[in-house]
Amino acid sequence: MKVTINGTAHELPPGASVRQAVQRLTEIRGGVAVAVNDEVVSRGAWDSTALVEDDRVEVLTAVQGG
């Protein structure tokens, strides 16, 4: 199935989870937030939240600086 992750089309297996989408984009484990179709998905729900065709996923990582 096709989903859009941070504005780019990606092919994922049918029923792929949010965690699989995150792993497609980054290996960073901490400081990551995810929204699917503009709704934030808590880290505890990443494995149980299945994506569907044409979902839009935004993966945000924290950046330090000053």
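Start at 1 with the first residue, then count along the sequence.
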Do the side chains of [Y] and [X] get nearer than 4.5 Å, heavy atoms only?
X: V34; Y: V40; result: no
X: V32; Y: L60; result: no
X: V18; Y: V36; result: yes

**Asked** Under the salt bridge (Lys or Arg N to Asp or Glu O under 4.0 Å) rule, what pairs show up with a residue in residues 33-42, not counting sequence neighbours?
**Response**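 Residue pairs passing salt bridge (Lys or Arg N to Asp or Glu O under 4.0 Å), neighbours aside: D38-R56.
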**Prompt:** Of all heavy-atom pairs between A50 and G15, which one has the smallest distance, and what is that distance?
**Reply:**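 Shortest heavy-atom contact: CB-O, 3.9 Å.
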**Message:** On a heavy-atom basis, which atom in L51 and which in A21 lie closest, and how many Å separate them?
**Reply:**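 The pair with the smallest heavy-atom distance is CD1-CB, 3.7 Å.
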**Request:** Would you list the pairs meeting side-chain hydrogen bond (donor to acceptor under 3.5 Å, both in side chains) in which at least one residue belongs to residues 46-55, sequence neighbours left out?
**Result:**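 Matches after skipping sequence neighbours: R19-D47, N37-D55.
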Atom pairs and distances, donor-acceptor, side-chain atoms in residues 1-9, under 3.5 Å, two or more places apart:
unit_1: N6; atom_1: OD1; unit_2: V59; atom_2: N; d: 2.7
unit_1: N6; atom_1: ND2; unit_2: V59; atom_2: O; d: 3.0

**Request:** Kindly compute the distance separating CZ (R24) from CG (L12), expressed to the nearest 0.5 Å.
**Result:**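 Reported to 0.5 Å precision, the distance equals 5.0 Å.
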